[in-house]
Amino acid sequence: MDKKLFYDIHDKPKFGQMLIFALQQVLAILAATIAVPAIIGLPTQMPAAILGAGIGTLIYQLFTKFKSPVFLGSSFAFLSSLGVALAYGYCGIILGSVVAGLVYVVIATIIHFVGTAWVDKLMPPAIIGPTVALIGLSLAGNAMGDIVKANSSTLYGNYNLVALLCGLIAFFTIIICSTQKRIKMARLIPFIIGIATGYAAAAIFTVIGIYTKTDYLMIINFQPIIDNFYTADGAFKGLAAFIDYPHFALLEAVKELTTGNMSKEILNANPNATLLTLGGIAEVIIAFLPVALVVFAEHIADHKNLSSIIDRDLIKEPGLKRTLLGDGVGSMAGTIFGICPNTTYGESVGCIAITRNASIITITTTAVMCIILSFISPLMAVLQTIPSCVMGGVCLTLYGFIAVSGLKMFKNLDLENSKNLFVVASILIAGIGGLAINIPYAIAETGEITGIIKITSIATALIIGIVTNAILTKVENSKFGKEKDE
């Protein structure tokens, strides 16, 4: 029988292997990390997002004393909150991140004085298991949307059969490498091999498409590489084509304050953006505070999921207080020296589960690699050309492992117990059904709602699960929960 991990948290792979393992982690987290700035309308800030992820992860490792193999990257939970913050430029983004980070710091302080028993009562296995499963299941739509998408094709909508083929090539390569028994290295780097194979297949189809002028076959968009070396008018960019610094939030916020003007990128994302005002401060705080409270629960779910994978209880050692402080301060630093709040990454957890490499030094090297890569323009450009379909094939395995990890937590859960059954059912149905909470916070004189705070479906399902569990626990402990004496 195989041992559970090839590399435990304190194991140190050989230097050359460690660099390869770290690159694999970078590829696993890349798509989601750079997606957040693109979604909020700041695609030029992708290098800053990579930089922020690296810095945030290093700070997390310092707070957890290098005992927790967790990677922090751009958080999708704060997308709607970031939309509010964009109205006040980079200062608004930084303020929102500080608010979210301080929530973690406050909760960590409470845990320091009263312990974690209340957390276990608030979120027992009947809540954590389905929530972890839901994280993977809720991301399935994104992965399957990407796996049929060609980066270059513009004539055939968002479905491309050739793209699906390339995505499945990446997927099957990964699962074959992960399950075969002869070549250990292939089992340790299945994602690098899978991405390379899928990329090669996509490149072949793209070259054929270019020469035959068949748009349907053009799976890869090589434009980021061209744009990296040349300006719009065809002039060579010189040194900036090879080394450039990420335009991170703090730097851009200082420009806003000193010039009194919004940057071109911010105005493209929100033409009505203005400097931060007192009213804006209140608006940003209201947008970030409730989401941060919910992401706290996802933090616990991710760490319990990883604990089950590596056979170490991270909630006890290094402890929930330290993981929260690392996540909170790391998220703040990741935004200030990046672009958006960070969170623990399911893609990274899935990568650890599949490769069975939980080495802390690998995660730390990944963070350092992200920081270095963010300054190397050609490498950032090449990474941006990885087709969506290939990353969809990768996520088919990663998100599947996250979902299954949550389902595995059901093995010791008594689903014959009605309370457990209702708690699990409420979380899964609300989450898979996409139930979200939209809280209006700005209403025009006409009565039209002009601004909302959106609590995601995962967060909403988690809230419903916690409330359901609390109500049924009260009923169970009351006279109504006991059989009537005859």
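A side-chain donor-acceptor contact under 3.5 Å links Asn342 to the backbone of Gly52. No donor-acceptor distance shorter than 3.5 angstrom exists from the side chain of Thr362 to the backbone of Ala358, with no hydrogens or angles considered. Looking at Ser478, its side chain does come within 3.5 Å of a backbone N or O of Val475 through a donor-acceptor pair. Ser331 contributes no side-chain N or O that, together with a main-chain N or O of Gly328, makes up a donor-acceptor pair within less than 3.5 Å. Within the 3.5 Å criterion, the main-chain N or O of Ile93 finds no donor-acceptor partner in the side chain of Ser97. Here the side chain of Thr323 pairs a donor or acceptor atom with the backbone of Leu320 at under 3.5 angstrom. The main-chain N or O of Val119 is never found under 3.5 Å from a side-chain atom of Thr116 such that the two would form a donor-acceptor pair. Between the side chain of Gln25 and the main chain of Ala367, no donor-acceptor pair closer than 3.5 Å is present. Panel note: side chain Gln61, backbone Gly326; no donor-acceptor pair is recorded below 3.5 Å.
Under the side chain to side chain donor-acceptor pair (under 3.5 Å) criterion, Arg322 pairs with no residue at all, not counting sequence neighbours. With sequence neighbours left out, the salt bridge (charged side-chain N to carboxylate O under 4.0 Å, His left out) criterion links Glu252 to Lys255. For Phe191, the ring pair (Phe, Tyr, Trp, His ring centres under 6.0 Å) criterion is met by no residue, not counting sequence neighbours. The salt bridge (charged side-chain N to carboxylate O under 4.0 Å, His left out) search around Asp146 returns Lys149, not counting sequence neighbours. Evaluation of the ring pair (Phe, Tyr, Trp, His ring centres under 6.0 Å) rule for Phe337 yields Phe248 as partners, not counting sequence neighbours. For Lys321, there are no salt bridge (charged side-chain N to carboxylate O under 4.0 Å, His left out) partners at least two apart in sequence or on another chain. The salt bridge (charged side-chain N to carboxylate O under 4.0 Å, His left out) search around Asp414 returns none, not counting sequence neighbours.
The two residues Leu314 and Ser68 have their closest heavy-atom pair at CD1-OG, 3.6 Å.
Sequence neighbours left out, the pairs with a member in residues 89-108 that pass ring pair (Phe, Tyr, Trp, His ring centres under 6.0 Å) are Tyr104-His299. For residues 460-470, there are no side-chain hydrogen bond (donor to acceptor under 3.5 Å, both in side chains) pairs, not counting sequence neighbours. Listed by first and then second residue, the ring pair (Phe, Tyr, Trp, His ring centres under 6.0 Å) pairs involving residues 111-141 amount to none (not counting sequence neighbours). A ring pair (Phe, Tyr, Trp, His ring centres under 6.0 Å) check over residues 124-143, counting only residues at least two apart or in different chains, returns nothing. Evaluation of the side-chain hydrogen bond (donor to acceptor under 3.5 Å, both in side chains) test over residues 391-404, restricted to residues two or more places apart or in two chains, returns Glu347-Tyr399.
Side-chain contact, Thr343 with Ser75: no donor N or O sits under 3.5 Å from an acceptor N or O.
No salt bridge links Arg312 with Glu317; every basic N to acidic carboxylate O contact stays at or beyond 4.0 Å. No salt bridge links Asp313 with Lys304; every basic N to acidic carboxylate O contact stays at or beyond 4.0 Å.
Between Tyr60 and Phe71, the distance separating the two ring centers is not shorter than 6.0 angstrom.
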- Carefully, step by step, assess Leu435 and Ser457 under the rule side chain to side chain contact (heavy atoms under 4.5 Å, CB included). CA-CA 5 Å; Leu435 177 63; Ser457 58; 5.7 Å; no
